[in-house]
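Structure first, commentary second.
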There are 2 protein chains.
Amino acid sequence: MSTSSAPVRMTRQRAAVADALEGTDEFRSAQQLHETLRTRGDAVGLATVYRTLQALVDGGEVDVLRTEDGESLYRRCARREHHHHLVCRRCGRTVEIDGPTVEAWAAMVGAEHGFGEIEHTVELWGTCRDCREA
Amino acid sequence: MSTSSAPVRMTRQRAAVADALEGTDEFRSAQQLHETLRTRGDAVGLATVYRTLQALVDGGEVDVLRTEDGESLYRRCARREHHHHLVCRRCGRTVEIDGPTVEAWAAMVGAEHGFGEIEHTVELWGTCRDCREA
DNA sequence: CAACCGGCTGAGAATCGTTGTCAACTTCAG
DNA sequence: CTGAAGTTGACAACGATTCTCAGCCGGTTG
Ligand SMILES: [Zn+2]
Ligand SMILES: [Zn+2]
Ligand SMILES: [Zn+2]
Ligand SMILES: [Zn+2]
């Protein structure tokens, strides 16, 4: 089996995007990252930012989640294993969450109703202390 | 206090949309509903379908959830109280789920990290038996 | 029953995040 | 150093949803 994946090249742009993600602990949108890079004088085309983020997501390097109004937010999480998030809807600050209970619950409920290939979406939104006091 | 809510009028269009929702047990997109109505010879403008659905959602009459690719799906659920869904990603068939465990878990995790105004998104996706055998 | 006020409708334009296009450019194996 | 092939970026294209606004119609009044 040869999945003949195209060779991946290291470019200034990819390094820049990866770096911007390393530089923060919060979930950021593609546009925010694009702006950050531009300001930092390390400009990268918006399309490239999107492409790079998508690649990182596909490679499991980065997590994505969609805002209530449909915008995608990206974050370089500490652990690569499956986990969930508690995100500040104001500033993006994030806490990685483990939910063994939820995992079992989801799988069980799915099977219980004859559904297969079960997947689950579990995200928590709130307002962090700092944002609440601001 | 006068929340002076504007009077709501019953129109052919609103009745049609409401009826289309009654007619199915599955999560449907605004466009699907619009098409259904058109076919049924009970045409309603797409904008009106969207407006009506939004109103129903605001009134807690209908539940919404977003597809993985950002499309909104609507469904007239049996219970008005908070609950979750196990949805067939193929046909939209849905099972309403109760997750007392999850409710408590979400609230606890949020408070535990000093976040306020906690909200949670918990949806289960799978493939129903019929769709799997097709 | 007719007149009216104001909410409602719909065709089409406008949004907006995201993806597709494609010629010019850059990486890197040989 | 060279050439083949992956990358880039300005800009067009998309697709779901929302906005506009002139014309329409529900329902209340007299
Ligand atoms: Zn915050
Ligand atoms: Zn999980
Ligand atoms: Zn199904
Ligand atoms: Zn819940």
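Everything quoted here is computed from the prediction, not taken from an experiment. Both backbone and side-chain heavy atoms feed into the values below; hydrogens, waters and symmetry mates do not. Protein chains get the first letters and strands the later ones, always in sequence-line order, with residue 1 at the start of each.
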Flag the pair Val122(B) / Ile97(B) as yes when at least one side-chain heavy-atom distance between them is below 4.5 Å, and no otherwise.
-> no
Arg129(B) atom CZ, over 12 foreign heavy atoms within 6.0 Å = no
Going by the side-chain hydrogen bond (donor to acceptor under 3.5 Å, both in side chains) test, name the single residue among Arg75(A), Arg76(A), His83(A) that passes it with Asp63(A).
-> His83(A)
Could you go step by step and tell me if Arg28(B) and Thr36(B) meet the side-chain contact (heavy atoms from CB on, under 4.5 Å) rule?
-> CA-CA 10 Å; Arg28(B) 315 283 310 283; Thr36(B) 296; 3.3 Å; yes
Do Arg90(B) and Trp125(B) pass the side-chain contact (heavy atoms from CB on, under 4.5 Å) test, and can you show the C-alpha distance, the side-chain angles, and the key distance before you say yes or no?
-> CA-CA 10 Å; Arg90(B) 199 84 69 84; Trp125(B) 296 87; over 6 Å; no
Look up atom CZ in Arg40(B) and atom CG in Asp19(B), then write down how far apart they are to the nearest 0.5 Å.
-> 5.0 Å
What class does the angle between the rings of His84(B) and His120(B) fall in, given that below 30° is parallel, 30 to 60° is tilted and above 60° is perpendicular?
-> tilted
Heavy-atom contacts under 4.0 Å between residues 63-72 of chain B and DNA chain D, which residues?
-> Glu71(B), Ser72(B)
Please give, in whole Å, the distance from dC25(C) C1' to Arg14(A) CZ?
-> 14 Å
Contact boundaries on DNA chain D for chain B, cut-off under 4.0 Å to non-hydrogen atoms | dA16(D) to dG27(D)
How close or far is atom P of dT19(C) from atom CD of Gln54(A), stated in whole angstroms?
-> 6 Å
Got more than 12 heavy atoms from elsewhere within 6.0 Å of CD, Glu22(B)?
-> yes
What protein N or O atoms touch nucleotides 28-30 of chain C N or O atoms at under 3.5 angstrom, if any, and at what distances?
residue, atom, partner, partner atom, Å
dC28(C), OP1, Met10(A), N, 3.3

So, are Glu119(A) and Arg89(B) salt-bridged, with charged N and O less than 4.0 Å apart?
-> yes
From CG of Asp42(B) across to P of dG10(C) the rounded distance in Å is 11 Å
All heavy atoms of Leu124(B) vs all of Ala106(A), minimum pair found to be CD2-CB, 3.8 Å
Examine distances only and state if a side-chain atom of His34(B) and a backbone atom of Val44(B) form a donor-acceptor pair shorter than 3.5 Å.
-> yes
Whole angstrom is fine here: how far is it from NE2 in His34(A) over to P in dC16(C)?
-> 17 Å
Return the value, rounded to whole Å, for the distance between atom CZ of Arg51(A) and atom P of dT19(C).
-> 11 Å
Taking atom C1' of dG17(C) as reference, at what distance in whole Å does atom CG of Leu73(A) sit?
-> 12 Å
Which residue lies more 5' along DNA chain D, comparing Tyr50(B) with Gly45(A) via nearest heavy atoms = Gly45(A)
